[in-house]
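Presented below is the structure to which this report refers.
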Amino acid sequence: MAKQQPLPRAYEAADVEKKWFPEWEKSNCFHGDPKSAKPGYSIVIPPPNVTGILTLGHVLNNTLQDILCRRARMKGFEVCWFPGTDHAGIATEARVVKFLKETENVTRDELGREEFINRVWKWKHEFGGKIIRQLRTLGCSCDWERERFTMDEGLSKAVLKVFVQLYNKGYIYRGQRMINWCPAAKSALSDEEVIYKDVAGKFYYFRYPLADGSGHLTVATTRPETMFGDTAVAVHPEDPRFKHLIGKMVKLPLTDREIPIVGDQHADPTKGTGCVKITPGHDPNDFEVGKRCNLEVINMMNPDATLNSNCPAEFVGMDRFAARDLCVKRMEEAGLLEKIEEITHAVGFSERGDVPIETLVSSQWFCKMGELAKPAIEAVRNGDIKFYPERWSKTYFHWMENIQDWCISRQLWWGHRIPAWYNEKGEVYVGETAPEGDNWTQENDVLDTWFSSWLWPFSIMGWPDGGKEEMEKFYTTNDLVTGPDIIFFWVARMIMAGCEFTGKIPFHNVYFTSIIRDELGRKLSKSLGNSPDPLDVIAEYGADALRFSIAYIAPIGMDIKYSNEKCEIGRNFANKLWNACRFRQMQSDVSDYARTLISAELSSDEKWMLAKLDAAEKLVESELEAFRFHAAAHALYDLVWSDFCDWFVEAEKVPLRAGGAEKERACAVLDFVLFRILKLLHPFMPFITEELAHRMGFVEDGQFLDFEEFPMGIAGLPSEDGIIAKVDAKFEAVKAGRFLRSSYNIADGKKLKFHIKLNDSAAMEFFTAEKSSLMSLLNAEDIEFSFDAFDVKANGAAASQTVAAGVVSLPLADLIDLDAEVKRLEKQLAELKKWIAGNEARLANEKFVASAPEKVVADTRSKLEELKAKAAHTEEQLAALK
RNA sequence: GGGCGAUUAGCUCAGUUGGUUAGAGCGUCACGUUUACACCGUGAAUGUCGGGGGUUCGAGUCCCUCAUCGCCCACCA
C-alpha cells in the first residue's frame, strides 16, 4: 500500500485540479494505441469552431463524452477520444476581417486572396483553438496528440477526394438555381443555414394600373422594393374576377416597363387580393411561376443587398430597407398605395450573419443527396445506429426522406477551394490537382464548412491515405455525443458520408444532449449577457463540481435551466466526499483491504453497506449503458451521501470506538467501500477522486484511477437473506426515536433512555445484538427491550411511535404533554385505519385477487397484516395513556 | 399547416415495462457544534401529479380531448 497523506480540512479544488492534468498527460494516460491488444473504444469530438471559446453547451457535451471515455478505459478498452477544431468558414472569415480592420485598418479585398488566407492562418495560430486548452481545464481525456483541424493537409485531401468522387459519380453539379444569399457574408447559404424568425412587418397594397387605362389590379406585398424585379402579375386561371384580364399588360409603377398578367394556380383567390406580383429573380415560388409562364428573371440586387442598375436611378446603390421606404413613399405620391396592414410574418435570417437573407438566382455548386440518403436512412431504421432519445430518429427520417440538393459553394476565401478549373473555351476540369497547361483558372468559391465536417469521423483518423491502423482499431466509432440542433448539419451528413466513402456507419450510438438555458428558460447568448463563462464557474466551484452538477441536472432530451447556484450541488458533494475520506484517515492508516473483499466476520451494518454498494454499482452501470447520465449521477449521490455518510459512517462509529479487532474490521470495510466509490465516481469527478485515491493510499504514485477496474457489482458478496430489510428496520426505529426526541424539542446532545417493544423473538434477537449501535445512533443513555408495551402505570407517561419491528417509546414522565400525545397517537391510528380499510377493500375485490399478479396480492396481504399489527400497538399505547 | 416535447411541493426537477401511503435538492420552520463535513447534522411542514373524459381490479404512468408554454419542419404573396 502507498502511504496515505493527510487531508486538509476543506476541499480546495483549484490546486488539485491544476495538479492532475499534467500528471495524466505526462503518463500518456489518454493515448489511444491502435496496436493495443485491448478492444477499441472511440469517440470523435464534435469539433468546436476554431474561433470559439468554451460555453456551458461544450461543458455538458464534453463532460458526457469524458464520462463515457473514462468509464470505457476503466472497463478495459483501448480508448481513443479524437479531438480537434473546425475551420468554420463564415464565422472565422468574419472574425478575422473584423480583427484586421481593428488592428491594421485593412480590408479583405485590399489584401487579396492569398495574403488574406495567410492572415487567417496567422490569426488561427495566435488566437485560435483557445477552446482546446479550455477543455483540458474541464478534465477532458482526449488523445491530445491526435488533435486535428478541418483545414489540415490530410483532412483537406479527404475533402478533395470526396468532391472529385461525387463529381465523377454525377452527384455534384454546377447550376443556376434559386439559393439563399447572406448579404453580410456575401455568400450563398444552404437551406439549413437559414433561420426563420417571426418579426413585425407590414403588408403593402399597391395598385398596378392596367396598360390600357381600363383600371388597375391591387397586389399585396411585404417586400415593396422587389417590385423592380417584377416581370408579371399572376391571377388564378379560374378566378372569375380576373380571368378575363389574363394576357393583358399592366404598367409597373415607378418604371417604364409593362408586364403581363398571367394565369397560374400559384395565385390563390382566397388570399390577399387574389393578384400576386411575380418576382422570379427573388422568390422561390415566383421562380417556379416564371418557369411555367416563361417569364424573364431580373436580378435587382447587388451582393450586399443594395439595389442594382436594374432599378430606377434614384434607387441604385440604396440599401434594401431604405429602398423599401422610398418605394412606398413614391407609390403613395403616385396615388398607388391603397393601404398598409401591420402583420407578423416569418422572415429568413442568416444563421451566422443574423441579417435577413435574400433568395436570388445564382450560379452555385450543388450536391444531389437522394442516393446518399438511402443507406443512411436504412442504417437508422434497422437499428445499426441508435438515437438516444429515440424520438430524434423521427426528425431524422423526416428530413432525410425529403432531402434537397445541398448548396455547397460559398463565396468566401477561407475554406477548401473547390477543385474545379475553367478554361477560355468554357470547359470545366474537376480533379484533386490542377490540370496541365496554363489556360486554366481555378474556381473562386470554397466549400461549405460542413463539407469537411461530414468526413470528420474518418478524416480525423487519416483517411484516405493514412490511418490504416486507426481505422482498423477505432472506426466505426462507438458513441457520438452532440446537440440536436446539428442533426441535419452534421449527424445526418456524417452518416451519409460514412456509408458512401467507407462503406461503414461512422458510429453506433448518438446521444443528443439537452440544450442549456438560463433560469428564465432563455437561450444562452452573448448579447443577452446570460451566458456564464465556464472558466469563472470552474474557478469558483471547481471543474468536478461543474461536471457533476451538470450531469446531475441534465435530463434526457429536455432543456436544462441552468444557474451558477446549481454548481453548489457538485461542490457540496465533493466536500462531503472529501470529508468522508478525512474521517476515515482520522481513525488509522488505510488498510490493505481496500482492494480485496474482507474475509473477517462482518457486522450487519457492514453487510448492509456492501449490499447497497453492490446494488448501486449495478445501477450506475445500467444507467450509463442506457445513456441516462443524470440517473447515474443521482444513484451516486444517494449512495455516497445517504447510504454511506448518513447511515453507514455513523453506524461504524461504534466499532471504531470499540478499538481492537472491531475497529480494524470497520476500517477495512470503510476502505473497501470508499475505494470503490472513488472508482465509481471517477468518470464524473476525475480530479478529486484521483486526489483522494492517492492521498488515501489506494493508488500508488504513477498509477491512475483510469486504469483501475470500474466497479460493476461485488464479486463474492457475503450475502445474508433479508439483510437490507433487517438493518432498515433498525434505522426505522432510530428515525422514530429521533422523531420523538424532536417532538419534545430535546437537544440531540442530551442522553435519553428509550424503551423498544419488539414484535417477535427474531426482532428481539437482532435488536438486542444491535443495542450499542442503536444507543449510539439515538444518543441514548440506555435502551430497554421487551415484548410488552412500555408500562405507563409503573413508570409514568411516555411518547411512542409504532414501527415495523414494534414500538419505540421515550419515557418522559415529567415532560410529557398527555393531551398532545393522545392526539398524536390518534392521528397515527386514524391514518393506519385508513390504509387498512383501503387494503381490505382491495383484497375483498374478487377481480383484484383474480387478475393482479400473485406477488402484488401477496404483498398486499402482508402489508395489511403489518398495518393491523401497527394499529394494535398504537391502540395499546393509547389505552395505556388514558 | 404538419411534427415533437413540456405541464408533479414555493422554486428546479426525478418518477424505466400501470401495482400498495408520489420522491429528491434548494428554499421555509424548529432544534443542534457528541470523533469527518455549517459546502454540516437531526426533525418537521407543503402536492385534487394542467382541465375533462375513457380503458383497467388498479392510472402521475396507457388512450381520447381541451388548455397553456416551448422547439423543429413547411413555398405561402
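Convention: sequence-line order gives letters A, B, ...; per-chain numbering from 1.
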Short side-chain N/O contact from [X] to OP1 or OP2 of [N], under 4.0 Å:
X	N	result
A:Arg842	B:U20	no
A:Trp647	B:U42	no
A:Asn845	B:G58	no
A:Lys863	B:U20	no
A:Lys561	B:C13	yes

Query raised in the report: Where do A:Leu656 and A:Cys667 come nearest, in terms of heavy atoms and distance?
Result: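 Smallest heavy-atom distance, with atoms named: CD2-SG, 3.8 Å.
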Using a heavy-atom cut-off of under 4.0 Å over every strand shown, decide if [X] touches base, sugar-phosphate, or nothing.
X	answer
A:Lys855	nothing
A:Ala631	nothing
A:Arg571	base
A:Pro853	base
A:His398	sugar-phosphate
A:Leu867	base

**Report entry** Toward the 5' end of RNA chain B, by each residue's nearest nucleotide, A:Thr221 or A:Tyr11
**Finding:** A:Tyr11
For [N] versus [M], give the span between their [atom1] atoms, rounded off to a whole number of Å.
N	M	atom1	value
B:U46	B:C40	C1'	24 Å
B:U65	B:G25	P	39 Å
B:G51	B:U68	P	15 Å
B:A59	B:U8	C1'	14 Å

Answer yes when [X] and [Y] have at least one side-chain N-carboxylate O distance shorter than 4.0 Å, and no when they do not.
X	Y	value
A:Lys751	A:Glu781	no
A:Glu866	A:Arg861	no
A:Glu225	A:Arg223	yes
A:Glu840	A:Lys868	yes

Query raised in the report: Does any donor-acceptor pair link the side chain of A:Gln587 with the base of B:A36 at a separation under 3.5 Å?
Result: no
Query raised in the report: What about A:Lys394, does its side chain sit under 3.5 Å from the base of B:C4 through a donor-acceptor pair?
Result: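 There is none.
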